[in-house]
Each structure stands twice: as structure tokens, then as C-alpha cells.
Amino acid sequence: MVTRIRALFKNTFVKNVMIVASGTAGAQILAMALIPIITRLYGPEQYGFYTAFNAIVLIITPIAALTFPIGIVLPKKDSEAKGLARLSFFVSVIIAMVTILLLLLFHQQIISLFKLESISEFIYLIPLVILFASLLQIGEQWLIRKKQFKYTAKVTFLGALIVQGSTLLIGFFSPVAAVLIVMMILGQGIKAGMMIYFAKREMFKKGDPEDHSSAFSKKTLAKKYVDFPKYRAPETFINAASQSIPVLMLSSFFGPVAVGLYGVGKSILAMPTQLLGKSVGDVFYPKISEAANNGQAITGLIMKATLVLGAIGVVPYGLVILIGPWLFGFVLGSEWATAGEYGRWIALWSLFGFMNRPSVMALPVLSAQKFHLKMTVVMLIVRMVALALGYYLFQSDVIAIAFFGVSGAILNIILILLTIRLSKAQDKRMAEKAN
């Protein structure tokens with residue numbers, strides 16, 4: 001047994017997963033240690049303005065370069081990958097310029113719709129965030145290409161240390177939403193700068209006699225990798241929108257305090273998924289892919305992984321469901337007790353979202369990307385309807401979040417069940433083919 005454990009930790013893939021997870025874990029431990037102080041300094045309203053601004057940013061930044069950076073890992077030659085990096089940044093500059101134009105034309109409408117009057121001037125910084133996000137994605141994908149995961153872990157932790165530490169220190173003197181927003185933007189810039197620095201070190205670490213980037217024109221590369229803006233970018237955009245639109249709707253319906261309570265509750269409850277759920281998914285994906293390629297049954301793998309995550313997640317999420325208001329009030333401060341009420345319903349949704357990681361990772365193996373896209377669209381629509389019902393029928397933020405949480409849990413359960421159904425059908429086909 002001891003020999004197997006040692007062999008496991010010597011496995012290159014496992015070591016890389018642990019390195020990446022260590023940076024995320026370090027950042028989350030730091031955030032968990034500082035958040036009880038930061039929430040007492042800034043309060044729900046200031047966090048609400050920040051969360052609403054961040055929601056707009058989170059919709060745009062995943063497609064800052066139309067997902068071209070994801071393709072940097074794929075080419076055989078570094079020269080082509082470098083050309084793709086240049087194309088990615090060029091596209092992000094165009095998107096930033098278009099965003100500036102849209103903000104100049106519709107600035108007031110955006111501010112009025114989402115009740116962001118107190119931070120209206122910061123909306124003009126969004127194009128800068130787009131450029132930072134693009135550089136961050138380019139640097140990260142190059143380091144992944146070179147399997148230099150230690151640098152991505154280092155950037156994740158150092159970025160969190162700088163942002164969280166500065167937010168805390170400045171908050172003692174000026175605890176306003178502007179500080180949270182500016183530090184978020186500066187944090188993006190600092191992380192992008194570090195990522196590009198490490199990427200360039202790797203890029204020019206050894207001579208590359210084949211590096212003739214000019215041979216790969218932007219037009220040629222754009223045509224070759226057109227699938228990324230054509231298919232990947234829309235799916236990424238919808239996923240981002242499904243996370244951010246509820247925040248913007250809460251801001252429009254109930255104002256910044258409700259948004260602040262939701263934002264803090266969601267960020268805390270997302271920590272297990274961001275750390276353990278992602279790590280399990282990253283390890284599970286190649287395992288199930290290999291099993292499918294070998295003609296083995298995969299339904300059992302999906303069900304086992306789902307149940308294991310359920311057994312792990314029921315403790316932290318169940319605790320929030322039972323005593324969320326008291327727990328949030330005790331840890332974050334009395335004015336955040338309502339965030340615990342929100343947290344009860346977010347925890348219900350998050351538990352099944354935590355459990356559905358194996359199903360989500362299995363869908364590409366099952367050639368069910370189209371099904372996944374349809375489910376993502378359905379989830380977005382249902383979430384919007386749930387929040388709207390809570391507002392228009394009951395005029396209650398808590399009821400709106402309750403509808404939102406319950407509908408999210410039900411949809412995740414449906415996703416798991418339908419994925420298992422698809423996997424059983426594939427297992428049956430494999431068995432018939434083998435016979």
C-alpha cells in the first residue's frame with residue numbers, strides 16, 4: 001500500500017495536478033483567513049457595487065481574445081504557437097476598442113439599468129481589464145504548453161496575496177467599493193504581468209531555430225483555428241453569462257446590498273468546487289477518456305465519482321444549509337447574517353454542482369457537447385425566470401434566491417441523471433460491438 005502511494009506521488013500527472021492545486025489552495029486559504037476582516041471593513045453595500053461591476057467583467061473577460069489563447073497548447077511548432085499568441089492579443093485589442101465605443105454610446109443606460117451610479121466612472125476601465133485578461137490567458141496557456149505548472153501556481157498565490165493584502169490595508173483607511181474595484185483591476189494587471197514574464201522566460205529559454213512567426217499570418221491562423229471563436233467562444237460566453245446575469249438582475253431588482261450578500265455567500269461556497277471539484281475533474285477526465293477508448297464501461301466510474309463527491313460535499317454544504325445565518329454572522333459579522341440565509345439556498349445548488357463535476361467531464365467523452373450547450377442555455381433561462389418570479393410575485397430577495405437555488409439544484413440533478421443515461425447507452429453499444 002505504501003509503495004502504491006509513493007508511486008502515485010511520483011506520477012508526473014498527479015504531481016502537476018498537485019502543483020496547480022497548491023497555488024489555488026494557498027490563495028483560498030489566504031482569502032478565508034482575511035475575509036472575516038475585510039467583510040467587517042467594507043460591508044454589504046460596498047461589496048454589492050464591487051460584485052455588480054465584477055459580474056460585468058466576468059461576462060467579457062473569458063472571451064477577451066475569443067478563446068484563441070486556448071489553442072496555444074495545440075501546435076507542434078513553437079513558432080505557430082507564438083503566432084497564435086500574437087493573434088490573441090491583436091483580437092483582444094480590437095474587442096477592447098469596440099467595448100470603449102459601446103461604453104461611450106450606452107454608458108448611462110448601463111449605469112441606470114444595474115443601479116451603478118456610485119461607481120459609474122469605473123465602467124470605463126473595463127477595456128483595460130479585457131487587455132489584462134488576454135495577456136493573462138496567453139501567458140498561462142504558454143506555460144501550460146511548456147508544462148511549467150509551478151509558475152501558474154506561483155502567480156495564483158502571489159496575485160491573491162497582493163490583492164487581498166492591499167485590499168485589507170487600504171480598507172482600514174478607506175473602506176469603499178472603489179478600493180475593491182481598483183484592486184481587482186490592478187490584481188489582474190499584476191497577475192498578467194507575472195504570467196507574461198514567466199512565459200517569456202520559457203519562450204526564449206532555448207534557441208528556436210524554427211521560429212519564423214511571420215510565416216504564420218494572422219489571417220492564416222484565424223482560419224486554421226476558427227473553431228475557437230465559432231464554437232468555443234459562444235459556449236464560454238453563455239457559461240459566464242449564466243454566472244453573472246443573476247448578479248446583475250439582483251442589482252436591478254433589489255439593489256447593491258442584496259448583491260453584496262449574494263456575492264460573498266457565493267464566493268465562499270464556491271471554494272470547495274474551485275479546489276477539490278476542479279482537481280477531481282482534471283484527474284477524472286483522462287481516466288474516463290482512457291476507459292472509453294479501451295471499450296470499457298464508464299457508467300460505474302461516473303456514478304462512483306459522483307457519490308464520493310456527494311459524501312464529501314454534504315458536510316460543508318449541509319452545515320451551511322442547517323445553520324447558515326448564524327455561521328455567516330459569527331464569522332463575517334452580524335450585518336452578514338442575511339448572507340447566510342442566501343447561503344442556505346446557494347449551498348443546495350452548490351452541493352449538486354459539486355457532485356456534477358464527473359458528469360460535466362464525461363460529456364466530451366460521450367460526444368455530448370451539443371447536449372451540454374443546450375443544458376447551459378436552459379440553466380441560464382431558468383435562473384433568470386426564478387429570480388424574476390421572486391421579485392415580481394413576492395418582492396422578496398430571499399424568496400428569489402430560494403427559487404434560484406432550488407432550480408439550480410434540480411437542473412444539476414437532471415444533468416447528472418441524463419449523463420448517466422447517455423453513458424449507459426454508450427456502454428450498451430460497446431458491449432454489443434464487443435460481442
Side-chain angles (χ1 to χ4, degrees), residues 25 27-55 58 160 163-164 167-168 171-172 175-177 179-180 184 243-244 246-247 249-251 253-277 312-354 383 386-387 390-391 394 396-409 412:
Q28 290 191 352
I29 290 170
L30 182 65
M32 290 177 68
L34 296 182
I35 197 169
I37 306 173
I38 293 175
T39 52
R40 284 173 167 82
L41 289 173
Y42 288 92
E45 186 174 21
Q46 301 305 316
Y47 250 101
F49 289 126
Y50 161 73
T51 303
F53 177 87
N54 197 41
L58 290 176
V163 173
Q164 297 289 340
T167 301
L168 176 64
F172 284 111
V176 295
V179 173
L180 296 169
M184 182 270 289
Q243 299 296 320
S244 293
V247 173
M249 290 180 68
L250 281 173
S251 179
F253 290 160
F254 301 107
V257 173
V259 174
L261 296 170
Y262 172 82
V264 169
K266 186 177 182 297
S267 64
I268 291 173
L269 290 165
M271 287 181 179
T273 301
Q274 290 171 355
L275 179 59
L276 187 57
I312 295 171
V314 74
V315 176
Y317 291 121
L319 191 64
V320 174
I321 292 171
L322 290 174
I323 57 170
W326 176 86
L327 188 62
F328 274 63
F330 176 76
V331 175
L332 305 179
S334 58
E335 61 184 333
W336 292 94
T338 305
E341 194 65 52
Y342 283 20
R344 281 178 159 167
W345 302 104
I346 298 172
L348 181 64
W349 157 45
S350 299
L351 172 60
F352 291 102
F354 184 63
R383 285 173 175 176
L387 289 172
Y391 173 71
F394 299 95
S396 168
D397 54 336
V398 175
I399 292 177
I401 294 297
F403 284 168
F404 178 81
V406 171
S407 63
N412 279 320

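For the numbers below, each heavy atom of this structure counts, side chains included, while hydrogens, waters and symmetry mates do not.
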K.L.:
Which atoms form the tightest heavy-atom contact between S396 and I399, and what is the distance?
P.N.:
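Shortest heavy-atom contact: OG-N, 3.2 Å.
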K.L.:
Tell me which pairs pass ring-ring contact (aromatic ring centres under 6.0 Å, His included) where either residue lies in residues 31-50, with sequence neighbours left out.
P.N.:
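Non-adjacent pairs meeting ring-ring contact (aromatic ring centres under 6.0 Å, His included): Y47-W336.
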K.L.:
Measure the spacing between CD1 of I29 and CG of L34 and express it to the nearest 0.5 Å.
P.N.:
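One gets 12.0 Å once the value is rounded to the nearest 0.5 Å.
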K.L.:
Taking all non-hydrogen atoms of both residues, which atom of A31 and which atom of Q164 are closest, and how far apart?
P.N.:
CB-NE2, 4.3 Å
K.L.:
With a 3.5 Å distance limit and no angle check, can you tell me whether Y317 reaches the backbone of L269 through a side-chain donor-acceptor pair?
P.N.:
yes
K.L.:
Without swapping roles, check the side chain of T51 against the backbone of G263 for a donor-acceptor pair under 3.5 Å.
P.N.:
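Such a contact is absent between T51 side chain and G263 backbone.
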K.L.:
Ignoring hydrogens and angles, tell me if any N or O in the side chain of S251 forms a donor-acceptor pair with the backbone of V247 under 3.5 Å.
P.N.:
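Between the backbone of V247 and the side chain of S251 there is no qualifying donor-acceptor contact (under 3.5 Å).
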K.L.:
Could you give the distance from CD1 (I35) to CD1 (I268), rounded to the nearest 0.5 Å?
P.N.:
4.0 Å
K.L.:
To the nearest 0.5 angstrom, please state how far the CD1 atom of I323 sits from the CZ atom of F328.
P.N.:
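Nearest 0.5 Å value for the CD1-CZ distance: 10.5 Å.
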K.L.:
Which heavy atom of G313 sits nearest to which heavy atom of P316, and what is that distance?
P.N.:
O-CD, 3.3 Å
K.L.:
So, do P44 and E335 sit near enough that their side-chain heavy atoms are less than 4.5 Å apart?
P.N.:
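Yes, side chains in contact.
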K.L.:
Which atom pair, heavy atoms only, marks the closest approach of P246 to F404?
P.N.:
CG-CE1, 3.5 Å
K.L.:
With heavy-atom distances below 4.5 Å as the criterion, would you say the side chains of N412 and F354 are in contact?
P.N.:
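The answer is no; the side chains never approach within 4.5 Å.
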K.L.:
Do the side chains of W349 and R383 get nearer than 4.5 Å, heavy atoms only?
P.N.:
yes
K.L.:
What's the verdict on side chain to side chain contact (heavy atoms under 4.5 Å, CB included) for L58 and Q243, showing C-alpha distance, side-chain angles and the deciding distance?
P.N.:
CA-CA 8 Å; L58 290 176; Q243 299 296 320; over 6 Å; no
K.L.:
Taking ring pair (Phe, Tyr, Trp, His ring centres under 6.0 Å) as the test, write out the residues that go with Y391, two or more places apart.
P.N.:
F253, F254
K.L.:
Could you grab the distance from atom OG1 of T39 to atom CG of L261, nearest 0.5 Å is fine?
P.N.:
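It comes to 11.0 Å.
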K.L.:
Atom CD1 in I401, atom CG in L250: separation rounded to 0.5 Å?
P.N.:
4.5 Å
K.L.:
Which atom names give the shortest non-hydrogen contact between V331 and R40, and what distance separates them?
P.N.:
O-NH1, 2.6 Å
K.L.:
Give the minimum heavy-atom separation between A55 and S244, together with the two atoms involved.
P.N.:
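Heavy-atom minimum between the residues: O-OG, 2.9 Å.
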K.L.:
Could you list the donor-acceptor pairs under 3.5 angstrom formed by side chains in residues 340-347, with sequence neighbours left out?
P.N.:
residue	atom	partner	partner atom	Å
Y342	OH	D397	OD2	2.5
R344	NE	I321	O	3.0
R344	NH2	L322	O	2.9

